Amino acid sequence: MESLRELGTEPPQRLDLRRIPFSGQWGLASSVCLQLGKNGAEEPVPEGLSKKEARELLKRRAQERSQRLAEQVATSLRSRGLFADVQAQNGYVNMYFDTADVASRLLRAVHHAGPDYGRGEPKNETLMVEYGQLNTHKPGHIGHLRNIALGQALCNILGHDGYSVLRATYIGDTGAAVFKWLWGYSKWHQGETPRADDGGWWEHIYVEANKAITENPEYEREYRELQLRWDQRDPEVMDLWTRTREVSLQYLHNLFATLGVEFDVWFYESQFGDSGKEIVRELLDKGIAEVDEGAPILRLDAKLGLDRETYRTVVLQRSNGTPLYQTKELALTRAKFDNYPIERSLNVVDVRQTLYFQQVFKTLELLGYEQARKSGHVPYETVVLTTGPMSSRQGNVVIYDEFSADMTERALATVREKNPEMPPAQQAQVARAVGFGAMKFGMLDRDNTKVLVFNREEALDFDGFSAPYVQYAHARACSILRKAPEIDWENLRVPSDLASVETDLLEAIGNFGDAVGRAAREYKPLYVVTYAYDLARAFADFYRDSPVLRADDEDLRNFRLALVYAMKTTLANALGLLGIVAPDVM
RNA sequence: GUUCCCGUAGCUCAGUGGAUAGAGCGUUUGGUUGCGGACCAAAAGGUCGGGGGUUCGAGUCCCUCCGGGAACGCCA
């Protein structure tokens with residue numbers, strides 16, 4: 001600012017400072033001269049130019065003015081000696097720091113923080129994140145996998161960024177599908193022992209029952225009667241439901257366990273029917289809701305005085321008095337607000353339910369729940385097959401158990417090929433890390449807003465932009481560190497003439513906290529995925545060009561070892577946030 | 001009809017209003033005196049769906065059109 005005044009130019013109110021696009025040196029850039037450059041560029045334009053040409057000319061003049069101004073500012077700043085260097089480039093003023101100093105601070109910071117490297121400031125806020133909403137009496141499929149991978153990563157990321165996170169799941173144990181399954185089971189599979197380890201078995205019974213019920217009105221009546229008996233707590237039906245539900249829940253626990261997922265709170269759909277009806281009564285009593293065609297409804301847009309269709313109208317309960325999905329959702333969300341010390345509640349659910357969640361949170365706002373304002377739906381697009389959407393009714397789903405078995409089997413074959421001398425137990429362990437890593441990575445490697453077309457061949461491909469690539473970088477770093485002497489942190493000396501592969505790697509390591517913060521702010525684990533890949537790539541470039549163990553100078557070797565250590569630590573942290581194991585060997 | 005999302009290299013996708021739009025796969029050509037070749041290098045490949053606008057500056061923001069998907073009162 002002072003430099004600008006010295007030059008007789010009045011600086012703007014706020015000085016814009018940004019990081020210089022990295023090319024070997026760290027520093028800050030200001031575009032202030034670009035903004036000022038437009039002044040005085042409107043000198044007369046020569047006759048005979050087209051409008052476009054005139055515009056281009058003015059643009060060019062502004063550019064030149066900016067650059068001249070930037071050069072003057074740079075000269076002035078240089079003389080003050082605050083920065084290691086100051087340069088004018090493309091109209092920007094670039095102020096550079098001392099490279100070795102920045103590098104040294106960064107490496108020590110990573111060493112000091114270890115697993116906490118990249119943590120955000122404590123936020124003093126508790127969130128509840130709900131994900132992994134599976135149904136009992138049905139298998140998990142790859143659509144659920146995207147949900148679980150996203151939810152798990154999001155919880156880890158929010159936690160690392162400084163929030164206190166409660167992990168919750170909500171299990172559908174009373175939907176129509178459950179009763180169709182129960183009907184089919186008692187009709188044709190009575191003697192069979194329910195299986196906690198076989199999603200396909202549950203799927204088969206459901207698909208068979210659904211088909212029969214659709215085709216035969218008599219069966220339709222039978223299944224509805226079963227549902228009615230459950231509503232009336234008929235002992236025989238309750239017993240069947242309880243027994244099979246128990247095993248099915250065991251299946252779900254197993255499924256979550258293989259993915260390394262643990263929840264602090266389990267909610268069940270069957271808990272919220274009655275409390276849902278209570279909320280509906282309350283909404284009617286307070287005059288917020290009304291009855292229309294026999295069903296309680298809430299005209300949200302009218303209630304909120306909105307002209308444009310936004311929240312529309314929500315039907316709160318069936319006209320026959322039974323609860324709807326959204327009835328229970330209201331009760332569930334209120335239970336979260338009432339029973340847990342949370343400021344925010346997030347639901348990781350696919351994008352098709354956006355409107356319902358907007359309605360639920362708005363309704364609770366009308367009931368005076370302040371937490372509802374900050375709460376919300378974290379939507380993501382669906383997983384579809386190359387043949388179209390999955391439909392568990394028709395049975396064209398890719399069942400989770402079968403897919404994960406494929407993945408680990410394929411991984412095991414690769415491990416055996418690459419490491420024939422490795423003990424079988426370790427081969428299996430590495431294969432699990434790689435198989436599950438690749439599976440999750442494949443679910444996280446695109447934006448939430450994009451439909452994921454599942455392609456088995458691509459999913460099984462471990463090359464390129466994939467978990468194994470990133471995991472491999474980690475294993476290689478571990479391998480170098482295993483063979484190296486202890487790092488002498490006391491006498492860490494960073495050379496002043498760093499190679500570009502070294503500064504690029506340092507830059508990548510230093511970006512971790514930003515990636516975590518951004519991913520937490522925008523609820524997008526993808527940022528951590530691309531970050532982890534970029535870091536691994538920077539490391540690959542580094543160890544190709546910069547020998548570590550064979551570095552000819554002791555200080556240089558010590559520095560490079562510290563660099564490898566910092567990269568390994570950061571990469572392990574990043575993979576950990578994604579729920580992916582970082583193997584020491586592979 | 002209303003609202004929301006998507007459209008970037010042959011394919012699948014990144015890209016925080018900022019400096020020369022990047023990866024992976026695929027294609028072509030290469031790489032063992034080498035810390036582990038699940039790797040690396042080079043080449044080819046772009047009207048960022050079209051058109052307006054805002055801005056010193058637009059793939060990014062606004063408007064509009066086109067193409068694809070989704071949600072819209074008693075399914076979950």
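These numbers come from the heavy atoms of this one structure, side chains and all, not from hydrogens, waters or symmetry mates. It should be emphasised that the depicted structure is a prediction, and the values quoted were computed from it without experimental measurement. In the text below, chain A, chain B and the rest are named by the order of the sequence lines, each starting its count at 1.
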With a non-hydrogen cut-off below 4.0 angstrom, is [X] in contact with a base, only sugar-phosphate, or nothing?
X         : value
Thr354(A) : nothing
Asn94(A)  : base
Asp534(A) : nothing
Val585(A) : base
Ala29(A)  : base
Lys483(A) : sugar-phosphate
Val415(A) : base
Ser546(A) : base
Arg312(A) : base
Arg521(A) : nothing
Arg352(A) : sugar-phosphate
Tyr469(A) : sugar-phosphate
Asn419(A) : base
Glu269(A) : sugar-phosphate

Could you measure between the two [atom1] atoms, the one in [N] and the one in [M], and give it in whole Å?
N       : M       : atom1 : value
rG59(B) : rG17(B) : P     : 13 Å
rA21(B) : rA9(B)  : P     : 15 Å
rC48(B) : rC61(B) : P     : 16 Å
rU8(B)  : rG50(B) : P     : 10 Å
rA14(B) : rG46(B) : C1'   : 15 Å
rU60(B) : rA19(B) : P     : 13 Å
rG24(B) : rC66(B) : C1'   : 30 Å
rA76(B) : rG22(B) : C1'   : 41 Å

Could you give the [atom1]-to-[atom2] distance, from [X] to [N], as a whole number of Å?
X         : N       : atom1 : atom2 : value
Phe465(A) : rU12(B) : CZ    : P     : 16 Å
Glu458(A) : rG26(B) : CD    : P     : 11 Å
Phe441(A) : rC13(B) : CZ    : P     : 14 Å
Asn448(A) : rG15(B) : CG    : C1'   : 16 Å
Leu452(A) : rC6(B)  : CG    : C1'   : 14 Å
Arg518(A) : rU16(B) : CZ    : P     : 5 Å
Arg476(A) : rC40(B) : CZ    : P     : 10 Å
Asp461(A) : rG24(B) : CG    : P     : 13 Å

Please check: side-chain N/O of [X] versus main-chain N/O of [Y], any donor-acceptor pairing under 3.5 Å?
X         : Y         : value
Gln427(A) : Asn419(A) : yes
Ser30(A)  : Val32(A)  : yes
Ser270(A) : Thr174(A) : no
Asp301(A) : Arg312(A) : yes

Of all the choices, [options], which nucleotide is nearest to the side chain of [X] once you look at every atom?
X         : options                   : result
Ile297(A) : rC13(B), rG73(B), rU3(B)  : rG73(B)
Tyr325(A) : rA76(B), rA19(B), rA38(B) : rA76(B)
Pro468(A) : rA38(B), rC39(B), rC74(B) : rA38(B)
Val430(A) : rC35(B), rA38(B), rC74(B) : rA38(B)
Asp463(A) : rC35(B), rC25(B), rU3(B)  : rC25(B)
Arg550(A) : rG36(B), rA41(B), rG34(B) : rG34(B)
Leu324(A) : rA38(B), rG36(B), rC74(B) : rC74(B)
Tyr533(A) : rA23(B), rG15(B), rG73(B) : rA23(B)
Tyr543(A) : rC5(B), rC56(B), rC39(B)  : rC39(B)
Ala475(A) : rA76(B), rA71(B), rG36(B) : rG36(B)

In terms of relative ring orientation, are His137(A) and Trp202(A) parallel, tilted or perpendicular, with 30° and 60° separating the classes?
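Answer is perpendicular, since the angle exceeds 60°.
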Parallel, tilted or perpendicular: which describes the rings of Tyr533(A) and Tyr469(A), with under 30° parallel and over 60° perpendicular?
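Ring orientation, 0 to 90° scale: tilted.
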Within the pair [X] and [N], is there a side-chain N or O less than 4.0 Å away from OP1 or OP2?
X         : N       : result
Arg446(A) : rC13(B) : yes
Lys418(A) : rA38(B) : yes
Tyr356(A) : rC72(B) : yes
Ser479(A) : rG36(B) : yes
Arg299(A) : rG73(B) : no

Would a line drawn from the ring center of Tyr543(A) to the ring center of Phe539(A) be shorter than 6.0 Å?
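Centroid separation for Tyr543(A) and Phe539(A): below 6.0 Å.
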Kindly determine whether Gln394(A) and Lys211(A) satisfy side chain to side chain contact (heavy atoms under 4.5 Å, CB included), including the steps that lead there.
CA-CA 8 Å; Gln394(A) 287 156 29; Lys211(A) 188 161 182 283; over 6 Å; no
When you measure from the centre of the six-membered ring of Phe272(A), is the NZ or CZ of Lys328(A) under 6.0 Å away and within 45° of the axis?
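No, cation not above the ring by the 6.0 Å, 45° rule.
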Which way is the base of rG37(B) turned, syn or anti, if we draw the line at 90° from 0?
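Anti.
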Among Thr449(A), Thr530(A), Asp447(A), which residue meets the side-chain hydrogen bond (donor to acceptor under 3.5 Å, both in side chains) test with Lys524(A)?
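Result for side-chain hydrogen bond (donor to acceptor under 3.5 Å, both in side chains) with Lys524(A): Asp447(A).
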Counter-base of rA70(B), judged by Watson-Crick or G-U geometry with both distances under 3.5 Å
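By the stated definition (distances under 3.5 Å), rU3(B) pairs with rA70(B).
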Complement of rG17(B), any strand, by Watson-Crick or G-U distances under 3.5 angstrom:
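Its partner: none found.
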